[in-house]
Amino acid sequence: MAEELLKNEEAEQDELLEDDTQKGKFMTFQTGKEFFGISISYVNEIIAMQPIAAIPEVDDYVKGLINLRGKIIPVIDVRVRFKMEPCEYTDRTCIIVIDVKSTTVGLIVEKIAEVDTIADDSVVPPPTLGRKEHEHNKYVYGLARTEDGVKLLIDPEKLIKQDDIETAMEEVRKEEQS
């Protein structure tokens, strides 16, 4: 019994340490002319583009499904989600694999920038002016001034519509059953 308690306590301490090392760290990427950041705590890995199986009857930003080491995951094109003109994928295009809302999802981005450490006090809320013309602003919870300029910090939970993920996951289940 005491051993179990010690193991649980050690696991909790490891989790706290991991949270501390990830605090303030953001994976930054470029879409269009703008740079965005997503908290590193959501990020599993970054992979190269791979073949995508289309899913019928989903929003245009949901590009389809990929097979990642035997696990089928839905992928979305961040550029299309932000209502920007689609562009051709290049050798710089990659997929950021994240966990959000208990689901693994791939985000197709044009170019990875770097992992940035951003202090809480350098993050300000986005302006409310002109929100309608900038669709991506509703996914942005903060603006961060860094050495390279301004990064728009996105909230992946707002970026991904739960019903789109559920539709994609239904397709995954169908795929796995066949």
(Q) Taking Tyr61's backbone N and O only, do any of them form a donor-acceptor pair with Asp59's side chain (distance below 3.5 Å, no angle check)? (A) no
Query - Shortest non-hydrogen contact between Ala144 and Leu153, atoms and distance - result: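 Closest pair (atom of Ala144, atom of Leu153, distance): CB-CD1, 4.0 Å.
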message = Pair Met27, Ile46 - check side chain to side chain contact (heavy atoms under 4.5 Å, CB included), show working.
response = CA-CA 10 Å; Met27 173 60 59; Ile46 299 164; 3.4 Å; yes
- Not counting sequence neighbours, which residues clear side chain to side chain donor-acceptor pair (under 3.5 Å) with Asp120? List them please.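 Per chain and number, Asp120 pairs via side chain to side chain donor-acceptor pair (under 3.5 Å) with Lys23.
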CG of Asn67 to CD1 of Ile52, rounded to nearest 0.5 Å, is 12.5 Å
Worksheet item: Between Ile108 and Phe35, is there a shared hydrophobic cluster once you connect ILVMFWY residues whose side-chain heavy atoms come closer than 4.5 Å?
Response: no
_Counting C-beta onward and ignoring hydrogens, is there a side-chain heavy-atom pair between Val97 and Val43 closer than 4.5 Å?_
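No, every pair of side-chain atoms sits at 4.5 Å or beyond.
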Working for side chain to side chain contact (heavy atoms under 4.5 Å, CB included), residues Ile118 and Val123: CA-CA 8 Å; Ile118 299 172; Val123 178; 3.7 Å; yes
Item to check | Contact summary for Asp155 and Tyr141, nearest pair of heavy atoms | outcome: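 Scanning both residues, the minimum pair turns out to be N-CD2, 3.9 Å.
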Original post:
So Phe82 and Phe36, would you call those rings parallel, tilted or perpendicular, with 30° and 60° as cut-offs?
Top reply: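 Ring orientation, 0 to 90° scale: tilted.
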Any donor and acceptor pair, going by atom type alone, linking the side chain of Arg81 with main-chain N or O of Leu159 inside 3.5 Å? yes
Minimal heavy-atom distance between Ile98 and Pro156, with the atoms involved, is CD1-CB, 3.9 Å
Under a 3.5 Å distance rule, please check whether Asp77 uses its side chain to pair with a backbone N or O of Arg79 as donor and acceptor. yes
What one should report as the nearest heavy-atom pair of Val80 and Pro86 is CG2-CB, 4.2 Å
Is there side-chain contact between Ile154 and Phe29, with heavy atoms separated by less than 4.5 Å? yes
Hits for side chain to side chain donor-acceptor pair (under 3.5 Å) against Thr117, two or more places apart or cross-chain, chain-then-number order -> Lys25
How long is the straight-line distance from CD1 of Ile66 back to CE of Met49, given to the nearest 0.5 Å?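 With rounding to 0.5 Å, CE (Met49) is 8.0 Å from CD1 (Ile66).
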Across all chains, not counting sequence neighbours, the side chain to side chain donor-acceptor pair (under 3.5 Å) partners of Glu45 are Arg69
Worksheet entry | Any donor-acceptor N/O pair, Ser39 side chain to Phe26 backbone, under 3.5 Å | no
**OP:** Write down the atom of Val140, the atom of Gly142, and the distance for their closest heavy-atom approach.
**Re:**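 Heavy atoms of Val140 and Gly142 come nearest at CG1-O, 3.3 Å.
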#### Entry: Interatomic distance, Ile96 atom CD1 to Leu107 atom CG [nearest 0.5 angstrom]
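The CG atom of Leu107 is 6.0 Å from CD1 of Ile96, to the nearest 0.5 Å.
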**Request:** Evaluate side chain to side chain donor-acceptor pair (under 3.5 Å) for Lys151 paired with Thr146, printing each intermediate quantity in order.
**Result:** CA-CA 7 Å; Lys151 306 274 189 327; Thr146 64; 3.2 Å; yes
>> Pair Glu110, Arg92 - check salt bridge (Lys or Arg N to Asp or Glu O under 4.0 Å), show working.
In response: CA-CA 6 Å; Glu110 291 168 50; Arg92 302 291 305 235; over 6 Å; no
Taking it one step at a time, do Ile47 and Cys94 satisfy side chain to side chain contact (heavy atoms under 4.5 Å, CB included)? CA-CA 6 Å; Ile47 59 173; Cys94 56; over 6 Å; no
Please find the pair of heavy atoms, one from Val100 and one from Glu157, that lie closest to each other, and give the distance.
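It is CG2-CG, 3.3 Å.
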Do Thr93 and Lys111 meet the criterion of a side-chain donor-acceptor pair at a distance under 3.5 Å?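 Lys111 and Thr93 do not have a side-chain donor-acceptor pair below 3.5 Å.
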Thr31 vs Met84 side-chain heavy atoms within contact, under 4.5 Å
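A side-chain contact exists here, since the closest heavy-atom pair is under 4.5 Å.
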Can you get from Leu152 to Ile38 by hopping between Ile, Leu, Val, Met, Phe, Trp and Tyr side chains that sit under 4.5 Å apart?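 The answer is yes; both residues are in one hydrophobic cluster.
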**Study point:** Note, Leu65 side chain near Ile73 side chain (heavy atom, < 4.5 Å)
**Key:** no
